[in-house]
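To start, the structure itself, in structure tokens.
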Amino acid sequence: MSDTPSKPLNFLEQIITRDLDGGITSKVITRFPPEPNGHLHIGHAKSICLNFGLAERFGGECNLRFDDTNPEKEEQEYVDAIKRDVSWLGFNWAGEVRYASDYFDQFYEWALHLIREGKAYVCHLSAEETKEYRGWATKPGKDSPYRERSVAENLAEFEKMRAGEYDEGQCVLRAKIDMASPNMNMRDPMLYRIRKQSHHQTGDKWCIYPTYDFAHGQEDAIEGVTHSICTLEFADHRPLYEWFIDNLPVPAEPRQYEFARLELNYTVTSKRKLKQLVDEGHVDGWNDPRMPTISGMRRRGYTPASLRTFCEMIGVTKSGSTIDVGQLEYCVRDDLNNNAPRAMCVLDPIKVVVQNFDEADFSGAMVQPAHPNKPELGERELPFGRELYIDRADFSEDTTLSRKKFKRLVMGEYVRLRGAYVIKAEEAVKDSDGNITELRVSLVPGTVGENPPEGIKPRGVIHWVNAEDCLDCEVRLYDRLFNDAAPDAGDKNYLDAINPESLRILSGCKAEKGLAQAQPEQGFQFEREGYFCLDSQYSSDDKLVFNRTIGLKDNWGKSV
RNA sequence: UGGGGUGUAGCCAAGCGGUAAGGCAGCGGGUUUUGAUCCCGUCAUGCGAAGGUUCGAAUCCUUCCACCCCAGCCA
């Protein structure tokens with residue numbers, strides 16, 4: 001036994017443990033059931049981690065099943081993207097991908113079964129009439145005039161529906177349950193509706209499609225799902241889920257459990273809103289690095305591990321909660337800090353000329369570990385020459401700046417070049433507008449890897465690159481997409497909360513030579529700047545584009 | 001309003017009648033050739049409120065309050 005306290009079980013883990021111990025379940029089967037009508041986002045990641053994670057933890061299996069019961073909004077493109085996202089997160093679904101549409105024949109048989117049992121009927125009420133008949137919270141509904149049709153008539157009518165003899169909206173198949181139920185879902189819910197559209201999986205085979213309610217529990221039963229986990233808003237559907245399981249000759253009895261979906265502040269996650277951001281060009285596609293989509297976060301530089309850690313960290317409960325994005329950001333920062341190789345990149349370069357370069361006792365290159373506490377990641381070479389670049393913000397002519405407030409280069413004073421020499425600022429060359437165009441410095445010999453002689457106190461450590469062989473690159477600084485913690489709360493228009501500075505494109509940045517080997521999505525820490533990765537879309541052999549995943553934690557200024 | 005669900009720190013979250021875990025954020029300090037990391041310390045006389053039961057209540061009972069969800073031929 002390890003002495004680290006184990007994480008307490010969440011309520012689902014407690015239920016599963018109980019079911020396993022009590023012999024109610026022999027092998028846990030879960031499923032992740034997306035509808036292929038949009039791209040996956042961070043909220044789905046929670047569900048994915050939950051379902052796959054539970055299966056993993058208890059030695060079970062998790063299926064990937066597309067809930068494709070509505071051809072109206074679904075597309076193959078989404079199916080492909082979803083598979084890609086789930087795989088990227090690092091999960092393997094059991095067997096082949098499943099589709100609700102794989103079971104359409106079976107659902108049809110079961111519909112027939114209910115009709116024969118007198119538990120379902122074809123209803124010709126219009127949508128508006130149906131709504132009226134349904135009643136209201138305090139008002140019980142009225143029975144449809146078609147409710148008491150004979151089995152034979154229902155069979156015939158349903159066959160006509162299936163055969164395409166009715167148009168969309170003319171009739172539906174409904175379960176005969178209870179029009180006075182306080183639970184609206186039990187007031188004779190729809191089982192089948194007519195949709196004369198081809199389906200991405202079944203083509204034109206069907207013109208009637210089962211509803212979510214008529215499909216979900218039965219799919220679970222067919223697949224032997226033991227614990228069917230969904231979000232809170234489906235809790236009201238559970239009695240209906242159970243009604244189908246009880247009234248149909250299904251091969252198993254899955255149970256439904258609900259948990260609270262993930263909400264993040266400074267973020268919107270509704271499919272409709274994300275689609276609007278894309279369609280109206282507020283962002284650069286579904287995988288824009290500012291999007292909370294899996295593909296967007298991936299392009300931004302989030303790692304699968306960081307997302308999984310996050311989902312693990314926030315817990316699983318039934319209380320509606322909004323997590324601080326800071327917690328998500330902490331997870332990537334932590335993962336990247338532990339694993340990302342270090343590099344230097346000057347974002348706003350100012351040329352530096354080392355006037356006594358010939359006194360350098362190291363010509364050629366400095367050597368630095370790729371990671372300060374991971375020697376196994378190897379070393380990198382930092383060429384060093386007469387001309388360098390440092391960041392404009394790392395130099396000041398103001399000699400009154402205190403050492404505590406400004407730990408960088410000041411005219412006439414010393415600073416350490418990360419991994420190289422201590423230098424002293426001697427002179428600033430300016431253009432006619434007073435902008436510094438070049439900085440002349442001198443190096444202190446013998447200070448590579450060594451402390452400077454007595455009396456020389458560098459104010460701090462700054463990053464730099466060698467002018468001769470550094471790489472020109474573009475750096476994209478991303479910030480939160482919204483300035484408002486709750487962009488879509490109340491009757492606010494979330495578009496008004498868009499952060500106009502959520503993307504800043506910096507060109508002419510100078511990266512250390514070794515970064516030429518960077519692979520798209522591979523994370524690096526640009527020392528003193530943050531975590532970056534090569535953009536998978538805009539980077540090419542002759543143009544390097546780096547995305548800032550997240551900045552370094554920045555405490556200074558708060559306490560000085 | 002009928003039904004369903006939820007209230008523990010700024011944000012999450014353990015707790016399951018024996019005297020409020022942990023994480024994020026914050027604050028104070030130490031180490032540091034990254035203002036990062038790391039390390040140490042600190043952070044609820046209090047569990048939505050009020051009553052009650054009990055030697056003992058965040059946990060049990062009663063009433064009340066607040067917030068979320070449902071009332072699609074969406075999922």
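Predicted model only: the values in this text are computed from it and were never measured.
For the pair A:H371 NE2 and B:rU34 P, the interatomic distance rounds to 13 Å; values are reported in whole Å. As rounded to whole Å, 15 Å separates atom P of B:rC24 from atom CD1 of A:I550. Taking atom CG of residue A:N10 and atom C1' of nucleotide B:rG22, one finds them 15 Å apart after rounding to whole Å. Following rounding to the nearest Å, A:R238 (CZ) and B:rG3 (P) show an atom-to-atom distance of 16 Å. Atom P of nucleotide B:rA71 and atom CZ of A:R134 are separated by 8 Å, given to the nearest angstrom. Rounded to a whole Å, the CD atom of A:E258 is 15 Å from the C1' atom of B:rA75. Atom CZ of A:F234 and atom C1' of B:rC68 are 15 Å apart (whole Å). The distance between atom CD of A:E35 and atom P of B:rG72, rounded to the nearest whole Å, is 18 Å.
When the P atom is used for both B:rC64 and B:rG2, the distance is 12 Å, rounded to whole Å. Spacing between B:rG51 and B:rU59 at atom P, rounded to whole Å, works out to 14 Å. B:rU8 and B:rU45 have their C1' atoms separated by 15 Å, with the value rounded to a whole Å. Comparing the P positions of B:rA58 and B:rG17 gives an interatomic distance of 13 Å, to the nearest angstrom. Comparing the P positions of B:rG7 and B:rA71 gives an interatomic distance of 24 Å, to the nearest angstrom. Only the C1' atoms considered, B:rG23 is 11 Å distant from B:rA14, to the nearest whole Å. Look at the C1' atom in both B:rC69 and B:rC11: the space between them is 22 Å, to the nearest Å. For the P atom pair drawn from B:rG15 and B:rG52, the interatomic distance equals 29 Å after rounding to whole Å.
Nucleotide B:rC73 has no partner under the Watson-Crick or G-U criteria, as no pair reaches both atom distances under 3.5 Å. Judged by Watson-Crick or G-U wobble contacts below 3.5 Å, the nucleotide B:rA36 has no partner. With a 3.5 Å ceiling on both atom-pair distances, the Watson-Crick or G-U wobble partner of B:rA66 is B:rU6.
Among the atoms of the strands shown, base atoms are found under 4.0 Å from some heavy atom of A:V448. Looking at heavy-atom distances under 4.0 Å, A:K407 makes contact with a base. Using a 4.0 Å heavy-atom distance criterion, A:Y330 is classed as a sugar-phosphate-only contact. Nucleic acid contact class of A:P458 (heavy atoms, under 4.0 Å, all strands): none. Residue-level contact check: A:H463 touches neither bases nor backbone, having no heavy atom under 4.0 Å from any strand. If you check every strand for non-hydrogen atoms under 4.0 Å, A:L125 touches a base. Within 4.0 Å of A:A127, counting heavy atoms only, lies at least one base atom of the nucleic acid. As judged by a 4.0 angstrom heavy-atom cut-off over every strand, A:E312 is placed among residues making no nucleic acid contact. Within the nucleic acid shown, A:S321 comes within 4.0 Å of sugar-phosphate atoms alone, with no base atom in reach, counting heavy atoms only. A:R333 comes within 4.0 angstrom of nothing in the nucleic acid, heavy atoms only. Among the atoms of the strands shown, base atoms are found under 4.0 Å from some heavy atom of A:D236. Residue contacts shown for A:F406 include a base, since a base heavy atom lies under 4.0 Å away. A:S181 comes within 4.0 angstrom of no nucleic acid atom, judged by non-hydrogen atoms across all strands. No engagement by A:T231 is indicated, since no non-hydrogen atom pair under 4.0 Å with the nucleic acid exists.
In this structure, A:E381 places its CD atom where only 12 or fewer heavy-atom neighbours from other residues, nucleotides or ligands lie under 6.0 Å away. Around the CZ atom of A:R261, the shell of radius 6.0 Å holds no more than 12 heavy atoms that belong to other residues, nucleotides or ligands.
Between A:Y257 and A:F11, the gap from one ring centroid to the other reaches at least 6.0 Å.
When distances run from any side-chain atom of A:E527 to the nucleotides B:rU34, B:rA75, B:rG2, the shortest one goes to B:rU34. Of the listed nucleotides (B:rG5, B:rU1, B:rU33), B:rU33 has the atom at the smallest distance from the side chain of A:V461. The side chain of A:V172 sits closest to B:rC73 out of B:rU33, B:rC38, B:rC73. Side-chain proximity of A:N337 to B:rC11, B:rG72, B:rU37: nearest is B:rU37. Distances were taken from every side-chain heavy atom of A:L552 (C-beta onward) to each of B:rG35, B:rA36, B:rC70; the shortest belongs to B:rA36. Of the candidates B:rU1, B:rG7, B:rA25, the closest approach to any side-chain atom of A:W136 belongs to B:rU1. Side chain of A:K553, nearest nucleotide from B:rC16, B:rG26, B:rC70: B:rG26. Side-chain proximity of A:E233 to the nucleotides B:rG2, B:rG26, B:rC69 is greatest for B:rC69. Checked against B:rG35, B:rU34, B:rA75, the side chain of A:R342 finds its nearest nucleotide in B:rU34.
OP1 or OP2 of B:rA75 sits under 4.0 Å from a side-chain N or O of A:R193. In this model, the phosphate group of B:rG15 is approached by a side-chain N or O of A:Q14 to a distance below 4.0 Å at OP1 or OP2. Side-chain N/O atoms of A:T69 include none lying less than 4.0 angstrom from OP1 or OP2 on B:rC74. Put simply, A:T317 has a side-chain N or O that comes within less than 4.0 Å of OP1 or OP2 on B:rA13.
Relative orientation of the A:Y103 and A:F107 rings is perpendicular, given thresholds of 30° and 60° on the angle between their planes. Taking the six-membered ring where tryptophan is involved, the planes of A:Y421 and A:F384 are tilted, since the angle between them lies from 30° to 60°.
Looking at A:Q525, its side chain comes within 3.5 Å of the base of B:rU34 through a donor and an acceptor atom. Residue A:R416 places a side-chain atom within donor-acceptor reach of the base of B:rU33, judged by atom type and a 3.5 Å distance cut-off alone. Looking at A:N555, its side chain has no donor and acceptor atom pair within 3.5 Å of the base of B:rG35.
Ion pairing between a basic and an acidic side chain is recognised when a charged N comes within 4.0 Å of a carboxylate O; A:D488 and A:K273 show such pairing. Using a 4.0 Å cut-off between charged side-chain N and carboxylate O, A:R31 and A:E219 make no salt bridge.
Side-chain atoms of A:V316 and A:L12, non-hydrogen and from C-beta on, do get closer than 4.5 Å to each other. Considering only heavy atoms from C-beta on, A:L40 stays 4.5 Å or farther from A:Y78 through its side chain.
For A:N451 and A:S319, each mapped to the nucleotide of RNA chain B holding its nearest heavy atom, the one lying further toward the 5' end belongs to A:S319. Comparing A:R195 and A:P8 by the nucleotide of RNA chain B that holds the closest heavy atom to each, the one mapping nearer the 5' end is A:P8.
Against the 90° criterion about 0, the sugar-base torsion of B:rG72 places it in the syn range.
Here the straight-line distance linking atom CZ of A:R342 with atom CG of A:L377 works out to 9.0 Å at 0.5 Å rounding.
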